[in-house]
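Input: a single structure, listed below in structure tokens.
All chains are named by letter (A, B, ...) in the order of the sequence lines, taking the proteins before the strands, and each is independently numbered beginning at 1.
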Protein chains: 2
Amino acid sequence: MSEKITIYDIAKKLNITAATVSRALNNNPKIKESTRDLVIKTAASMNYKQNKLALALKSGRSNNIGVIVPRIDSNFFASVIRGIEEELQPHGYQVIICQTHEDLKRESENLYTLIDAQVDGILMSVTAVSTENDAAFRNVLEKNVPLIFFDRSKHIDGVSSVTINDFKGGYIATKHLISEGCRCIAHLSGDQSLEIFKNRFLGYKQALLDNGMLFKEEYVVPVKSSVEAGKNAVETLLQLETPPDAIFSSSDFAALGAIQELKEKNISIPKEFCVAGFSNEPFTKFMELSITSVDQSPLEMGKMSARVFLEQVDKTDTIKIEKKVVLAPELHIRKSSSRTTS
Amino acid sequence: MSEKITIYDIAKKLNITAATVSRALNNNPKIKESTRDLVIKTAASMNYKQNKLALALKSGRSNNIGVIVPRIDSNFFASVIRGIEEELQPHGYQVIICQTHEDLKRESENLYTLIDAQVDGILMSVTAVSTENDAAFRNVLEKNVPLIFFDRSKHIDGVSSVTINDFKGGYIATKHLISEGCRCIAHLSGDQSLEIFKNRFLGYKQALLDNGMLFKEEYVVPVKSSVEAGKNAVETLLQLETPPDAIFSSSDFAALGAIQELKEKNISIPKEFCVAGFSNEPFTKFMELSITSVDQSPLEMGKMSARVFLEQVDKTDTIKIEKKVVLAPELHIRKSSSRTTS
DNA sequence: TACTTTCGTGTAATCGATTACATGATTGTT
DNA sequence: AACAATCATGTAATCGATTACACGAAAGTA
């Protein structure tokens with residue numbers, strides 16, 4: 001019922017103009033102190049609330065930022081979003097969520113929708129690397145809306161990104177398996193068009209070579225990030241002439257599937273076979289046979305992305321700084337690969 | 001670089017007025033067809049995009065809706081949000097996320113912030129039931145902004161809610177434990193000021209009574225939703241004169257902790273002791289010793305909340321309908337309580 | 001032909017807040 | 001006392017789109 005109170009209502013009540021009210025509320029130094037105090041008191045008593053939409057229209061800034069992720073119901077993305085929200089809320093920004101469901105068309109739609117909604121920035125993890133959405137990305141850049149990639153990024157001049165060092169992640173996980181005595185290490189790889197998966201693979205390969213081990217193409221099995229895919233991969237691997245004795249998986253879900261399949265085949269973990277995953281999903285720690293995994297510090301990634309955005313948003317658009325933040329991955333060693341301690 | 005194109009730019013180019021352009025773009029029947037076509041074609045060629053902020057100011061609707069949850073990085077809430085987003089996106093609404101971190105002050109701030117941002121509706125799960133935030137809630141209702149509770153709700157006249165039948169959830173889980181032969185069933189309870197936890201408890205109690213079993217106060221242990229709390233609860237319970245032989249936990253995390261502690265004490269599950277949790281968190285299914293749990297169909301809950309919102313938003317504010325949607329819980333029976341099949 | 005409808009557009013107000021510029025009041029200077 | 005500087009506030013345009021009302025032109029009617 002309480003009608004919307006505007007500065008005009010306050011002005012009328014005090015027999016002054018809306019301009020004076022506006023200035024008083026904005027602490028304009030040209031306003032007499034007594035007037036300012038009176039206006040502020042009256043505004044409070046009338047329960048006045050600034051209309052952000054009017055402000056947004058006038059200033060051209062909505063104080064909303066858009067976040068696009070493949071899906072929100074994954075611990076990783078949810079945590080990143082949590083980080084973004086925590087960092088941006090104190091600066092008065094609200095976070096608008098969009099999901100692509102791994103669909104490029106949706107990604108493009110989301111980009112246009114967010115620009116339409118006049119967001120002040122877009123933070124996103126790309127769905128896939130493709131030229132299909134180039135027009136949508138160009139549209140964002142042309143509108144001079146800060147764009148920041150996190151985790152899954154894409155090469156675009158002038159666009160900043162926050163990622164982890166996936167190469168190193170793959171490297172330390174693989175090296176750990178080697179140090180546990182594994183000699184034939186397989187890799188469950190992800191979509192190689194995405195740098196994160198490419199780099200995890202390259203880190204894996206480099207670790208093998210640096211430690212005098214052979215890299216075998218047949219040990220690399222492409223999988224989707226699912227339990228089922230991990231099971232199938234193990235079935236394939238065990239049929240090889242020389243089956244592997246360890247797996248470094250680019251996905252925790254696939255790692256879990258692999259473990260389930262190995263158990264069914266009565267292969268003992270970690271004694272006969274070691275497994276390491278990637279992402280440090282909550283369940284990896286909860287299992288009785290807990291799973292070694294590479295942590296991507298999603299909360300930190302979200303906060304960092306938010307900070308990079310804040311740096312860019314106020315920059316008088318002189319030179320566009322392309323900032324590439326790379327966070328360090330952290331290996332959490334658990335039972336699925338701990339021969340020495342178990 | 002592309003300057004913002006407005007309807008005035010289009011008007012100037014075609015030597016007509018902005019009003020005509022606006023009407024043409026909105027398919028106003030009074031516009032000559034040739035004019036309409038010309039305007040639409042020109043708008044497209046100039047890459048015109050309607051400024052939603054101007055529209056929002058004029059219409060008083062922002063096309064944003066706010067969602068407030070305790071935290072986003074929990075599978076349950078993330079899934080609900082996913083459901084909301086999927087249902088509302090096709091209707092042109094964007095979803096703004098806020099977290100309370102279980103803090104009442106944050107909850108109040110979030111409510112004010114969302115109202116300030118002129119959201120068209122607020123969908124939320126309350127942090128706790130308390131009178132502390134009454135002013136904030138009153139503020140929402142006074143502004144006539146549709147408010148809908150999901151999962152954790154609060155009694156406010158005229159406010160709709162979407163929940164699951166927690167009583168039934170507690171009932172079927174407990175009854176299942178009974179049918180597996182358990183005779184002394186304990187309960188790990190949550191914050192009893194929240195109806196969801198209260199009802200889970202009441203369902204548990206009723207199932208005991210309906211099956212001729214004694215309800216013992218000492219079998220009810222209040223816990224936080226954490227692994228640690230579950231461990232501690234088991235320690236307490238096992239020190240009782242007649243220790244229980246089963247646990248119905250109102251939280252999956254506490255159930256997990258309970259299981260871990262039972263294992264440490266070398267109590268075999270499900271043979272000597274059965275456990276059932278609540279929420280059907282992903283990990284319950286992934287464990288080798290998978291955990292029986294009550295599913296709350298979060299995706300459906302989100303979609304339903306969104307639908308209730310859509311019903312209310314266009315209602316000419318004649319009679320405020322208070323709609324209480326109650327979804328059915330579903331028990332997922334797994335190893336932690338399957339004596340018969342294992 | 002004269003007069004009424006109907007049609008298609010233009011005019012101008014509106015949503016609420018901000019702000020360059022103008023103006024009148026007050027104080028300061030010599 | 002006369003004029004300049006300073007201060008506090010008012011006036012009006014602006015952000016971009018929508019829409020009630022007005023109006024001239026074309027079509028219809030008698």
Can you see if the side chain of A/Thr17 gets near the phosphate of D/dT9 - specifically, an N or O under 4.0 Å from OP1 or OP2? no
Would you mind classifying the nucleic acid contact of [X] as base, sugar-phosphate or nothing, using non-hydrogen atoms under 4.0 angstrom?
{"X": "A/Asn26", "result": "sugar-phosphate"}
{"X": "B/Leu57", "result": "base"}
{"X": "A/Ser59", "result": "nothing"}
{"X": "B/Ser22", "result": "base"}
{"X": "B/Lys58", "result": "base"}
{"X": "B/Ile7", "result": "base"}
{"X": "B/Ile16", "result": "sugar-phosphate"}

Smallest heavy-atom separation, B/Asp116 atom then A/Lys49 atom, equals OD1-CD, 3.1 Å
Sidechain N-carboxylate O distance under 4.0 Å for A/Glu85, B/Arg71: no
Identify, with sequence neighbours excluded, every residue that meets side-chain contact (heavy atoms from CB on, under 4.5 Å) alongside B/Ile156. B/Phe137, B/Leu141, B/Phe149, B/Lys154, B/Val159
Within this structure, what is the CD-CD1 distance for the pair B/Gln99 and B/Ile68, rounded to the nearest 0.5 Å? 11.5 Å
Can you tell which of B/Glu102, B/Glu132, B/Met124 makes a side chain to side chain contact (heavy atoms under 4.5 Å, CB included) with B/Glu107? B/Met124
Heavy-atom contact window of chain A on DNA chain C, given 5' to 3' at under 4.0 Å: C/dG16 to C/dA20
